[in-house]
Amino acid sequence: MAEKISIKAETLPEFRVNIHDEDEQGNQISGVIRTVFQDSKGNFWFGTQNGLCRKDQNELVYFDLKDALAQSVTVHVILEDNSGNIWIGFGGGIAKYDGAYFTVFHEKSILTNSSLWSMLMDSKGTLWVGTTQGVFTFDGKAFTPFEIPEGKVNPNFGVSTAKMIHSIIEDSKGNKWFATNGGAYRFDGEKLTNISAKDQSISNFVHQIIERKDGTFWISASNGLFHFNGKTFQNITENVLGKEVGVGRVFEDKTGTIWFSANKREIHHYNGKTFQKYK
């Protein structure tokens with residue numbers, strides 16, 4: 001069973017890049033931002049190297065969120081459930097924010113020995129947790145392992161393991177998709193399938209999977225950005241970036257334009273016809 005503790009949400013003064021500088025520093029968020037999320041009320045949440053903050057209509061609020069050992073946290077994932085609760089995934093645990101209190105969930109054998117890296121709240125209310133040591137489901141009481149075959153350690157990443165789960169999504173048909181160091185996996189509720197195993201064009205180091213409005217998918221990997229139509233993969237970046245340039249995060253905006261990171265520091269977008277790089 002997972003241990004849990006509920007604590008009243010407390011706020012902090014603004015983040016300061018230089019704690020010795022007495023001048024106001026512009027209400028900065030953090031030096032390193034790991035994730036950005038907009039909730040159903042329109043508030044923006046920022047998961048940072050220094051913890052959690054929220055931007056509402058009036059101000060930027062910093063929360064004093066600690067792990068089970070009362071240590072400051074690095075937030076990797078933020079999401080919202082159907083009841084409006086905000087779930088925060090950080091290196092050593094998970095927290096649920098109900099608007100007044102944080103409930104911190106922790107299981108030493110799982111979330112201490114492996115760092116949380118990704119999360120999904122599926123349509124049935126089950127929380128899927130991706131870590132450096134594999135996938136677990138969480139029903140609010142206990143973490144249950146979900147077996148995915150091991151991949152390999154990516155030597156080009158500072159944090160990489162054979163069981164690492166970079167991202168998890170649920171598609172419009174209810175299938176779960178996992179981006180791993182052993183390829184792209186799909187789980188239909190009964191069978192787990194490595195959908196990239198038979199295609200030699202895409203690397204096994206898969207970073208992210210997103211579903212398009214037309215039911216096809218964008219898959220980023222260590223050798224490019226791929227379009228998957230359900231049968232075949234097409235590398236759309238090899239003629240622009242080269243065959244071995246990795247693509248990290250991917251986002252499709254309301255117009256259908258694809259935004260993605262490449263070479264660890266570059267931002268590009270693709271409108272279906274042309275690419276543009278932002279410096």
Trainee: Hydrophobic clusters here meaning ILVMFWY residues chained together by side-chain heavy-atom distances under 4.5 Å, can you tell me if Leu79 and Phe136 are in one?
Mentor: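 Same cluster: Leu79 reaches Phe136 through Ile, Leu, Val, Met, Phe, Trp or Tyr contacts under 4.5 Å.
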
Trainee: Answer yes if Val240 and Val245 sit in the same cluster of Ile, Leu, Val, Met, Phe, Trp and Tyr residues linked by side chain heavy atoms under 4.5 Å apart, and no otherwise.
Mentor: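 Yes, one cluster joins them.
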
Trainee: Which one of Asn154, Thr180, Asn181 satisfies the side chain to side chain donor-acceptor pair (under 3.5 Å) criterion with His166?
Mentor: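 Of all the options given, the one that passes is Asn181.
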
Trainee: What closest approach, in Å, do Leu65 and Val73 show between heavy atoms, and which atom pair accounts for it?
Mentor: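 The answer is O-CG2, 3.9 Å.
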
Trainee: Just jot down the side chain to side chain donor-acceptor pair (under 3.5 Å) partners of His76, sequence neighbours excluded, or say none.
Mentor: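 His76 satisfies side chain to side chain donor-acceptor pair (under 3.5 Å) with no residue once adjacent residues are dropped.
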
Trainee: Using atom types as modelled and distance alone, determine if a side-chain donor or acceptor of Glu252 lies under 3.5 Å from a backbone N or O of Ile210.
Mentor: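 No, the answer is negative, given that no donor and acceptor are paired below the 3.5 Å cut-off.
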
Trainee: Test ring-ring contact (aromatic ring centres under 6.0 Å, His included) on Phe102 and Phe63; report intermediate values, then the result.
Mentor: CA-CA 10 Å; Phe102 285 106; Phe63 291 95; 5.7 Å; yes

Trainee: Please enumerate all residues that pass side chain to side chain donor-acceptor pair (under 3.5 Å) together with Thr161, with sequence neighbours excluded.
Mentor: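 Partners of Thr161 by the side chain to side chain donor-acceptor pair (under 3.5 Å) criterion come out as none, since no residue qualifies.
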
Trainee: Ring centroid separation for Phe146 and Phe187, is it under 6.0 angstrom?
Mentor: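 Distance test on ring centres: under 6.0 Å, yes.
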
Trainee: Hey, is Asp64 close enough to Lys66 for a salt bridge, meaning N to O under 4.0 Å?
Mentor: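 Yes, Asp64 and Lys66 are salt-bridged.
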
Trainee: Given Tyr97, which of Trp45, Phe37, Trp87 fulfils the ring pair (Phe, Tyr, Trp, His ring centres under 6.0 Å) condition?
Mentor: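 Of all the options given, the one that passes is Trp45.
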
Trainee: Can a side-chain donor-acceptor contact be found between Thr216 and Asp214 if the only test is distance below 3.5 angstrom?
Mentor: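 Looking only at side-chain atoms, Thr216 and Asp214 do form a donor-acceptor pair, the distance falling under 3.5 Å.
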
Trainee: Which class fits the ring pair Phe233 and Phe226: parallel under 30°, tilted 30 to 60°, perpendicular over 60°?
Mentor: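 Taking Phe226 first and then Phe233, their aromatic rings stand perpendicular (interplane angle over 60°).
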
Trainee: Treating Lys176 as the side-chain partner and Gly174 as the backbone partner, does any N or O pair qualify as donor plus acceptor under 3.5 Å?
Mentor: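 Answer holds: yes.
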
Trainee: Hey, can you tell me if His268 and Phe260 have their rings parallel, tilted or perpendicular (30° and 60° cut-offs)?
Mentor: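 Parallel, since the angle between the ring planes stays under 30°.
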
